[in-house]
Number of protein chains: 2
Amino acid sequence: MDTTQRTDQERSADRRRRELLEAADRVVLRDGPGASMNAIAAEAGITKPILYRHFGDKGGLYAALAKRHTDALLDSLRAALDAPAERRERVEATLDTYLAAIEARPQVYRFLMHPAEGGQPGVDQGFDVGKHSAPLLRRMGEELGKVIEDRLDLGPDSHRLARVWGHGIVGMMFAAGDWWLGERPCTRAELVRSLADLLWGRLAAAGDKVGGPGF
Amino acid sequence: MDTTQRTDQERSADRRRRELLEAADRVVLRDGPGASMNAIAAEAGITKPILYRHFGDKGGLYAALAKRHTDALLDSLRAALDAPAERRERVEATLDTYLAAIEARPQVYRFLMHPAEGGQPGVDQGFDVGKHSAPLLRRMGEELGKVIEDRLDLGPDSHRLARVWGHGIVGMMFAAGDWWLGERPCTRAELVRSLADLLWGRLAAAGDKVGGPGF
DNA sequence: AGACTCAAGTTACCGCAGGTAACATCTTAG
DNA sequence: CTAAGATGTTACCTGCGGTAACTTGAGTCT
């Protein structure tokens, strides 16, 4: 039948696509995000035009690659967010999950968030970057905002508050995590605790230092 | 004398450098961060090699350009942070200063934070990105961390706490600002208030919504 | 069987970017 | 007057993303 035939072709194409993505993944993780289309094609054992037939352009390949990792990370975060526990525990679990993920696979993290760092000197970095590094942050922010709005009673402005907080908290997690990953100034648990303390209002509650007007 | 001669030459070189930077600024603000070295050279009325003699490579030009804007923004923020007022007022003033800055000059903002978005389709984006978008965030985080440590009494772990909070708060401001700038879901004042509320512990204080276990 | 279709795959090329070498020119010191 | 050294130029290299045009090979119709 026509349908079975088409299905066969589609399956074959899908498998191929997955193989290509895995090859691309290997190259990107090895060479950094500046990996060239030629390098990826070579790793996959084929040549450039095929990549272009499958993914359109470099951005398409990047997007497909990023989507896989982003989805995986979001799944982990959702799990932590949905665990049955007290609010503070959940927040800490979510923070820890995120930090554990970026700690475990910094190459993937750098690819998603800082897509133009690796690569040889003198060679133009590539990958259309930026346009795709935001999406992960945005998606995380949106997800968290929804969860907050669903579960918390925030009064009349709850919609706005929840969304702002979602993006804000995600940004906090991101920037602190990025800094921590680079400098490793403390343990993961300490970082989690410090951030949760911040969210729990310790900034407002802290006393002024003697002699100054206080922050 | 040798010294006066050198000084004269150095002054001339510095002036030239400033002129080139201003030309580069114009181009980047007009064409987006994908501006090519050729375009910048043309705008400055000269040719490429001169740019390379002055800035080494594209990254050098980018860095010089970014430093100017970054320093300017940091000065504004320091002013808001140092104003004589209560803590909450200062926090709100700082948030508002940042948001006002990115609102007033989104082109500059996008150049600093998402340096590879503009540019024609089909053309490889440029500017070595990423490596330089972090610095602004990092610098802001460090500055804020110092201020917090200087002024707040945070007990034994004050050093770590202050630094974590510095980076975390900056990240919150950044992500929320980025999202807000893109979607404009509310007024600036509302955003400032919502973020300050978050920092003031309203997340911990909020009640659970009826029917659920609460975030 | 033999012509037909359609996807996978190739080579060879284009345009354009970043970056450099080699040559010209003008100013200034000795 | 000459030598140095910065300023500027043209012309070129490399490597990238992306595409056109051709070849191959598996399966389909008659």
Side-chain angles (χ1 to χ4, degrees), chain A residues 1-17 19-20 23-24 27-28 31-42 44-63 115-116 118-129 131, chain B residues 1-17 19-20 23-24 27-28 31-42 44-63 115-116 118-129 131:
Chain A
M1 303 269 288
D2 224 10
T3 52
T4 55
Q5 175 194 355
R6 265 205 201 154
T7 305
D8 273 9
Q9 287 184 356
E10 281 176 9
R11 287 198 181 187
S12 162
D14 274 15
R15 265 188 43 211
R16 201 87 186 89
R17 190 186 161 91
E19 288 171 22
L20 297 185
V27 176
V28 163
D31 295 359
S36 80
M37 292 299 265
N38 264 322
I40 294 174
I46 49 145
T47 50
K48 265 197 302 180
I50 305 181
L51 283 182
Y52 284 94
R53 270 219 264 277
H54 275 275
F55 301 104
D57 62 353
K58 195 167 189 172
L61 202 172
Y62 178 107
Q120 299 301 19
V123 176
D124 184 20
Q125 316 291 94
F127 265 130
D128 64 349
V129 222
K131 220 183 208 156
Chain B
M1 304 273 289
D2 224 7
T3 52
T4 56
Q5 174 195 357
R6 266 204 200 154
T7 304
D8 273 8
Q9 287 185 354
E10 279 177 9
R11 286 199 181 186
S12 162
D14 273 14
R15 266 189 43 212
R16 201 86 187 90
R17 188 187 162 92
E19 288 171 21
L20 297 185
V27 177
V28 163
D31 296 358
S36 80
M37 293 298 267
N38 264 322
I40 294 173
I46 48 146
T47 49
K48 266 195 304 179
I50 304 181
L51 284 182
Y52 283 94
R53 273 219 263 275
H54 274 274
F55 301 104
D57 63 354
K58 197 167 188 171
L61 202 172
Y62 177 106
Q120 299 300 17
V123 176
D124 184 19
Q125 316 292 90
F127 265 131
D128 64 349
V129 223
K131 220 183 207 155

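Below, chains carry the letters A, B, ... as their sequence lines are ordered, and counting in each starts from 1. Everything quoted here is computed from the prediction, not taken from an experiment.
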Visitor: Can you see which heavy atom on B/Phe55 is nearest to which on B/Leu61, and at what distance?
Guide: CB-N, 3.6 Å
Visitor: Rounded to the nearest angstrom, tell me the gap between atom CG in B/Asn38 and atom C1' in D/dC12.
Guide: 13 Å
Visitor: In whole angstrom, what separates A/Arg15's CZ from C/dA7's C1'?
Guide: 15 Å
Visitor: Counting only side-chain N and O atoms of A/Arg16, is one of them less than 4.0 Å from OP1 or OP2 of C/dG9?
Guide: yes
Visitor: CD1/A/Ile46 to NE2/A/His54 distance, rounded to the nearest 0.5 angstrom?
Guide: 7.0 Å
Visitor: Apply side-chain contact (heavy atoms from CB on, under 4.5 Å) to A/Ala41 and list each qualifying residue two or more places apart in sequence or on a separate chain.
Guide: A/Leu51
Visitor: Using whole Å, what does the distance between atom P of nucleotide D/dA6 and atom CG of B/Asp14 come to?
Guide: 14 Å
Visitor: Of all the nucleotides listed (D/dG17, C/dT10, D/dG18), which has the minimum atom distance to the side chain of A/Asp57?
Guide: D/dG18
Visitor: Kindly state which residues belonging to residues 47-55 of chain A come within less than 4.0 angstrom of DNA chain D, counting heavy atoms of the residue only, listed by number.
Guide: A/Lys48, A/Pro49, A/Tyr52
Visitor: Between A/Val27 and A/Ala39, what is the shortest heavy-atom contact and its length?
Guide: CG2-O, 4.0 Å
Visitor: Nearest whole Å is fine: how far is C/dG19 C1' from B/Met37 CE?
Guide: 9 Å
Visitor: What heavy-atom pair brings B/Met37 and B/Tyr52 nearest, and what distance separates the two atoms?
Guide: CG-OH, 3.5 Å
Visitor: Hey, does A/Arg16 have a side-chain heavy atom less than 4.5 Å from the side chain of A/Ile50?
Guide: no
Visitor: Round to a whole Å and report the spacing from CD1 of A/Ile40 to P of D/dC16.
Guide: 11 Å
